[in-house]
Undergrad: 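Structure in structure tokens, see below.
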Amino acid sequence: MKTTLICGLIALWCVPATAAPSRRPITETDLVKFRWIADPRISPDGRDIAYVLVTVDENEDRYTSSIWTVATSGDTPPRPLTGGPQDSAPRWSPDSRTLAFLRGVGKDPPQLYLLAMTGGEPRKLTDLPSGAAPGVWSPNGKTLAFTSKTTPAELVEQKERAAHAGHDATARSKKKSEVRFVTRAHYRDDAEGMFDPAAREHIWTVPAV
């Protein structure tokens, strides 16, 4: 009996163990493969969820974002609503038929856009020098409210550029100085950049119909 037990233990000891999965430290190449979801929003009718899919563009060394939707029932796979690369802040209209969102183009500040859920291209709603913040729908779905740091001086300059758009000599806008005088400890913030004391947020409205 003892001999049989010993032989069995020896046999088990001789059987090669299953190889453990290889492990390695995380590297910078792994970071560019990350994909994550941000700002999910359930439609008022409860049928769909709009969200922001964030990925990494290794060639441009930046984050990219596009808006996707998925049915709350889980019966269908997620599908993209916009192509990005700087789309964010989806907001459903009260009737769930339209989606307001922010889109940045190049280095320009983000502006408000509307996308009909029936299809078609997004429609640009705002064109403010300092851009727009995420919109808030009115209860009747006819108006969007948002905040912007656009100043009266910026609006005047924008109108002057538009009036002289056909004249190269006058169409060139005055280059804003990059010199900043810092007078307080909290002078910048993530995703905001340098604070401009002259630029204060105000509430704006724009028709959504």
Side-chain angles (χ1 to χ4, degrees), residues 38-39 41 50-54 57 60 62-67 81-94 97-116 120-209:
D39 203 6
R41 300 280 170 162
Y51 62 91
V52 180
L53 178 66
V54 185
D57 187 331
E60 296 291 336
R62 67 177 182 181
Y63 294 115
T64 62
S65 56
S66 57
I67 297 175
L81 292 177
T82 69
Q86 299 179 56
D87 298 338
S88 62
R91 300 292 186 269
W92 291 99
S93 62
R97 296 180 180 179
T98 309
L99 201 66
F101 67 96
L102 291 180
R103 167 170 288 180
V105 179
K107 294 184 179 180
D108 293 336
Q111 305 290 345
L112 272 172
Y113 283 73
L114 283 186
L115 177 65
E121 291 296 318
R123 177 166 61 94
K124 189 176 183 180
L125 281 186
T126 63
D127 186 20
L128 295 173
S130 291
V136 178
W137 288 87
S138 62
N140 61 9
K142 295 182 178 181
T143 307
L144 276 163
F146 62 95
T147 60
S148 177
K149 292 183 179 180
T150 298
T151 63
E154 288 177 326
L155 290 175
V156 171
E157 184 181 352
Q158 185 184 50
K159 289 182 180 180
E160 290 178 350
R161 290 200 306 268
H164 300 287
H167 306 282
D168 294 339
T170 53
R172 300 188 187 97
S173 60
K174 297 179 182 178
K175 186 177 180 181
K176 191 174 182 180
S177 173
E178 296 182 356
V179 176
R180 297 290 184 270
F181 295 96
V182 178
T183 59
R184 52 185 177 180
H186 189 198
Y187 66 94
R188 65 179 180 178
D189 201 0
D190 291 343
E192 293 288 338
M194 298 280 290
F195 294 147
D196 185 355
R200 300 181 181 276
E201 284 190 332
H202 295 276
I203 298 175
W204 300 61
T205 61
V206 61
V209 293

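In what follows, residues are counted from 1 in the order of the sequence shown.
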Undergrad: To the nearest 0.5 Å, what is the distance between CG on Leu112 and OG1 on Thr126?
TA: 4.5 Å
Undergrad: Within a strict 4.5 Å, meaning less than it, do heavy atoms of the Leu99 and Trp92 side chains meet?
TA: yes
Undergrad: Let me confirm one number: the OG1-CZ distance from Thr147 to Arg200, rounded to the nearest 0.5 Å.
TA: 14.5 Å
Undergrad: Do you know the tightest heavy-atom contact between Pro109 and Pro129?
TA: CG-O, 3.2 Å
Undergrad: Does this structure show an ion pair linking Arg91 with Asp39, if we count only N-O contacts that are shorter than 4.0 Å?
TA: yes
Undergrad: Under a 4.5 Å cut-off applied to non-hydrogen side-chain atoms, are Leu102 and Pro134 in contact?
TA: yes
Undergrad: Between Ser65 (side chain) and Asp87 (backbone), is there a donor-acceptor pair under 3.5 Å?
TA: yes
Undergrad: Looking only at non-hydrogen atoms, find the nearest pair between Trp204 and His202 and report the distance.
TA: CD1-O, 3.0 Å
Undergrad: Which residues pass the side chain to side chain donor-acceptor pair (under 3.5 Å) test with Gln86, sequence neighbours left out?
TA: none
Undergrad: Using the test ring pair (Phe, Tyr, Trp, His ring centres under 6.0 Å), find all partners of Tyr63 that sit at least two apart in sequence or belong to another chain.
TA: Trp36
Undergrad: Check for a donor-acceptor pair, side chain of Ser93 on one end and backbone N or O of Thr98 on the other, with a separation under 3.5 Å.
TA: yes
Undergrad: Quick one: which residue pairs count as a salt bridge (charged side-chain N to carboxylate O under 4.0 Å, His left out) with a foot in residues 125-142, not counting sequence neighbours?
TA: Lys124-Asp127
Undergrad: To the closest 0.5 Å, what do you measure between OG (Ser88) and OH (Tyr51)?
TA: 15.5 Å
Undergrad: Distance from Glu154 atom CD to Leu128 atom CG, nearest 0.5 Å?
TA: 9.0 Å
Undergrad: Taking the side chain as C-beta and beyond, is there a heavy-atom pair between Pro94 and Asn140 under 4.5 Å?
TA: no
Undergrad: Given the rule in the side-chain contact (heavy atoms from CB on, under 4.5 Å) test, do Thr82 and Tyr113 qualify, once you have shown the distances and angles that lead to the verdict?
TA: CA-CA 11 Å; Thr82 69; Tyr113 283 73; over 6 Å; no
Undergrad: To the nearest 0.5 Å, what is the distance between OG1 (Thr205) and CG (Leu144)?
TA: 9.5 Å
Undergrad: Assess whether atom CZ of Arg62 is packed by more than 12 heavy atoms of other residues, nucleotides or ligands within 6.0 Å.
TA: yes
Undergrad: List the atom of Val54, the atom of Ala38, and the distance in Å for their closest heavy-atom pair.
TA: CG2-CB, 4.4 Å
Undergrad: Which heavy atom in Ala133 sits nearest to a heavy atom in Phe146, and how many Å separate them?
TA: O-CB, 3.6 Å
Undergrad: What are the two closest heavy atoms between Ala100 and Leu114, and how far apart are they?
TA: CB-CD2, 3.7 Å
Undergrad: Would you say the side-chain atoms of Ser148 pair up with the backbone N or O of Thr150, donor to acceptor, closer than 3.5 Å?
TA: yes
